[in-house]
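The block underneath contains the structure these notes are about, expressed in structure tokens.
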Amino acid sequence: MRALKQKLACGVLAFVTLVAATPEPAAQVPAPSGDRVNAFAGPWACRNVEGVLVRETGARQGDTITAHDDVERNGKHSAFEDRYVFDPALKRWHVETGLGGFSGDAIPWTGDTWIVQGQNADGVAVRMTAEAIPGGDFRRTFAYAKDGGWFAYSVERCTPGTTPPAADACIAARYPATTLYAAPIQNSEIPFGAHGGTVTVVVALDASSHITGTRVLRSTSPLLNGLALEKTRASQFRTAIVNCKPVAADYLFTVSVRD
């Protein structure tokens with residue numbers, strides 16, 4: 001099998017009537033006073049580093065906050081739900097997100113930063129970090145474990161209400177370059193006589209993530225160089241963010257063909 005590898009571095013209603021009694025309101029989340037997680041029981045509007053918009057509407061019932069997320073990505077809409085369940089015995093939150101199947105646990109959010117440690121649907125270790133931003137916004141970052149550290153794969157900034165942060169708002173202070181789409185290689189495209197190999201291509205991106213140049217840095221199979229350059233130009237990347245701004249820079253994209 002030959003494959004391409006890329007590297008670059010979300011009914012029935014029942015009613016009970018109590019005669020001669022006044023129903024008590026549903027119990028509130030028994031979390032410490034000042035727990036910021038309680039704010040998720042309300043409307044939020046978010047924008048992530050890819051420009052995706054998410055409008056979140058939360059509601060609380062007893063110990064559980066359920067947030068419904070409406071997503072707008074490139075003109076297409078989707079939806080998922082997040083759940084925050086407080087365990088008063090353990091004094092911890094259990095968090096589940098419908099996007100990616102993340103699930104984890106954390107203590108109450110009483111400081112500026114809240115870290116939820118868990119894993120995604122594939123069993124990969126994932127960390128969700130929420131940071132309070134002066135003015136009422138918060139930033140949420142998802143990262144997976146990699147090489148003894150954490151690699152951020154999603155960052156969004158959220159504002160109370162229904163209006164998302166402006167397009168030029170600081171979504172992330174720093175964010176690594178990422179391959180958004182790696183153009184696949186078909187067997188019929190492999191040059192005659194090529195028996196597998198690896199080609200490392202230098203990709204030049206401008207601040208808008210447009211490809212401005214490509215060149216082969218090294219190759220174990222020169223017969224694959226032309227195909228590697230073609231597939232690199234057909235792929236899509238997002239440049240890195242430094243000090244809240246995207247920057248023009250060169251990155252490495254590796255194309256591998258196996259026998």
Side-chain angles (χ1 to χ4, degrees), residues 10 35-59 65-84 93 95-104 106 109 111-121 124-146 150-181 207-209 236-247:
C10 178
D35 189 341
R36 297 180 188 271
V37 178
N38 292 320
F40 290 135
W44 290 87
C46 310
R47 182 188 298 273
N48 74 6
V49 291
E50 313 292 351
V52 177
L53 301 181
V54 179
R55 288 179 170 81
E56 184 176 280
T57 304
I65 297 175
T66 302
H68 179 80
D69 300 277
D70 290 302
V71 183
E72 181 181 335
R73 181 192 301 269
N74 298 325
K76 298 181 180 180
H77 292 80
S78 59
F80 63 93
E81 282 191 347
D82 298 331
R83 285 169 54 86
Y84 306 84
W93 286 97
V95 181
E96 297 178 357
T97 66
L99 188 64
F102 170 75
S103 176
W109 184 6
D112 291 334
T113 301
W114 189 50
I115 298 177
V116 183
Q117 199 84 13
Q119 61 183 24
N120 63 15
V124 176
V126 172
R127 184 172 71 181
M128 183 187 86
T129 302
E131 307 166 75
I133 300 175
D137 288 6
F138 78 90
R139 179 179 291 113
R140 181 160 44 196
T141 302
F142 285 91
Y144 61 82
K146 179 181 179 182
W150 295 94
F151 182 85
Y153 65 86
S154 177
V155 181
E156 63 180 352
R157 178 169 178 160
C158 300
T159 298
T162 58
T163 302
D168 61 352
C170 179
I171 307 300
R174 298 186 67 86
Y175 198 71
T178 301
T179 299
L180 302 178
Y181 167 76
S208 298
S209 297
Q236 296 177 357
F237 311 97
R238 195 211 57 250
T239 192
I241 295 174
V242 179
N243 296 326
C244 298
K245 301 294 183 182
V247 297

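No hydrogens, no waters, no symmetry mates; every other heavy atom, side chains included, goes into these values.
- Note that CZ of R139 and OG1 of T113 are 10.0 Å apart. Values are rounded to the nearest 0.5 Å.
- Taking every heavy atom of both residues into account, G111 and R36 meet most closely at O-NE, 2.8 Å.
- Taken from CZ in R83 to OG1 in T97, the straight-line distance is 12.5 Å, to the nearest 0.5 Å.
- Ring to ring, W114 and F138 are not that close: their centroids are 6.0 angstrom or more apart.
- A donor-acceptor pair under 3.5 Å links the side-chain atoms of Y175 to the main chain of Y153, judged by distance alone.
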R238 vs T178, side chain to side chain donor-acceptor pair (under 3.5 Å): CA-CA, chis, key distance, verdict: CA-CA 5 Å; R238 195 211 57 250; T178 301; 3.1 Å; yes
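- A donor-acceptor distance shorter than 3.5 angstrom exists from the side chain of R157 to the backbone of C170, with no hydrogens or angles considered.
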Criterion side-chain contact (heavy atoms from CB on, under 4.5 Å) on V54 and N48, from CA distance to verdict: CA-CA 8 Å; V54 179; N48 74 6; over 6 Å; no
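- Here the NZ atom belonging to K245 is positioned 14.0 Å from the OG1 atom belonging to T239, to the nearest 0.5 angstrom.
- R140 contributes atom CZ, which lies 6.0 Å from atom CG of D82 (distance to the nearest 0.5 angstrom).
- Residue C46 comes nearest to P164 through the heavy atom pair O-CB, 4.0 Å, listed as atom of the first residue, atom of the second, then distance.
- Taking CE of M128 as the reference point, atom OG of S154 lies at 11.0 Å (rounded to 0.5 Å).
- Contact of the R55 side chain with the P43 side chain is not registered, since no non-hydrogen atoms from C-beta on lie closer than 4.5 Å.
- Counting all heavy atoms, side chain and backbone alike, A45 lies closest to T163 at CB-C, 3.5 Å.
- Distance alone, capped at 3.5 Å, is enough to place a donor-acceptor pair between the R47 side chain and the P165 backbone.
- In this structure, T57 contributes its side chain and H68 its backbone to no donor-acceptor pair below 3.5 Å.
- Among V116, I115, N38, V37, the single residue meeting the side chain to side chain contact (heavy atoms under 4.5 Å, CB included) criterion with W109 is V37.
- Remark: side-chain polar atoms of T141 are not paired, donor with acceptor, to backbone N or O of V155 under 3.5 angstrom.
- Taking the six-membered ring for Trp and thresholds of 30 and 60 degrees, F142 and F102 have ring planes more than 60 degrees apart, a perpendicular arrangement.
- With a 4.5 Å cut-off on side-chain heavy atoms, D69 and L99 do not count as touching.
- Counting only heavy atoms from C-beta outward, the side chains of P176 and I241 never approach each other to under 4.5 Å.
- For the atom pair CD (E56) and CH2 (W44), the distance works out to 9.0 Å, reported to the nearest 0.5 Å.
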Working for side-chain contact (heavy atoms from CB on, under 4.5 Å), residues D35 and W93: CA-CA 11 Å; D35 189 341; W93 286 97; 2.8 Å; yes
